[in-house]
Amino acid sequence: MIAGALLVASLSVPASAQRDPAYAQARAAGLVGEKMDGYLGIVGAETEELRRIVKHINAQRRSVYFERAKATGSTPEAYALTSGCQAIARTVPGEKYQAPDGTWQDRTSAPPMRDSRCP
């Protein structure tokens with residue numbers, strides 16, 4: 001029962017993000033990117049709309065991270081880091097991600113640079 005609820009919760013974050021055309025456009029344009037800490041970040045100049053999108057998605061992610069960490073006996077920070085590693089690995093060429101040194105990188109066809117703590 002709990003596992004099923006967690007699965008639904010984990011699927012709701014990407015599903016809701018995919019339904020938001022503003023998020024998809026911002027991601028494709030390189031205005032937002034995946035951060036190492038498991039959250040979405042704004043790349044470059046911030047706008048009110050970008051802040052709204054990022055805040056909404058990050059609140060959903062935070063909720064999932066806390067639920068999953070509690071269910072697995074982990075910490076939300078550790079769960080978020082692992083999720084960040086996975087999100088960065090799933091980026092596609094042209095998307096932005098945060099490198100271990102904190103800089104924003106454009107994903108190329110090469111594997112992304114990932115934190116040494118990534119599984």
Residue pair [X] / [Y], side-chain heavy-atom distance below 4.5 Å:
X: Ile88; Y: Met36; value: yes
X: Phe66; Y: Arg62; value: yes
X: Leu40; Y: Tyr23; value: yes

Glu34 bridged to Arg27 by N-O distance under 4.0 Å: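 A salt bridge links Glu34 with Arg27.
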Under a 4.0 Å threshold between the charged nitrogen and the carboxylate oxygen, would Arg107 count as salt-bridged to Glu95?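 Not counted as a salt bridge, because no side-chain N and carboxylate O are separated by less than 4.0 Å.
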Stepwise side chain to side chain contact (heavy atoms under 4.5 Å, CB included) test for Tyr65 and Glu77: CA-CA 8 Å; Tyr65 298 160; Glu77 296 78 17; over 6 Å; no
Hey, does the side chain of [X] reach the backbone of [Y] with a donor-acceptor pair shorter than 3.5 angstrom?
X: Arg114; Y: Pro119; result: yes
X: Asp37; Y: Leu81; result: no
X: Ser83; Y: Tyr79; result: yes
X: Thr82; Y: Ala78; result: yes

Is Arg52 atom CZ crowded by more than 12 heavy atoms from other residues, nucleotides or ligands, each under 6.0 Å away?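 Yes.
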Trp104/Lys35 under side chain to side chain contact (heavy atoms under 4.5 Å, CB included): CA gap, chis, key distance, verdict: CA-CA 9 Å; Trp104 288 106; Lys35 293 173 45 182; 3.5 Å; yes
Return the minimal non-hydrogen interatomic distance between Val43 and Lys96, and the atom names on each side.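 Closest pair (atom of Val43, atom of Lys96, distance): CG2-CB, 4.0 Å.
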Quick check for you: to the nearest 0.5 Å, what is the distance between Ile42 atom CD1 and Ile53 atom CD1?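 The CD1 atom of Ile42 sits 8.5 Å away from the CD1 atom of Ile53.
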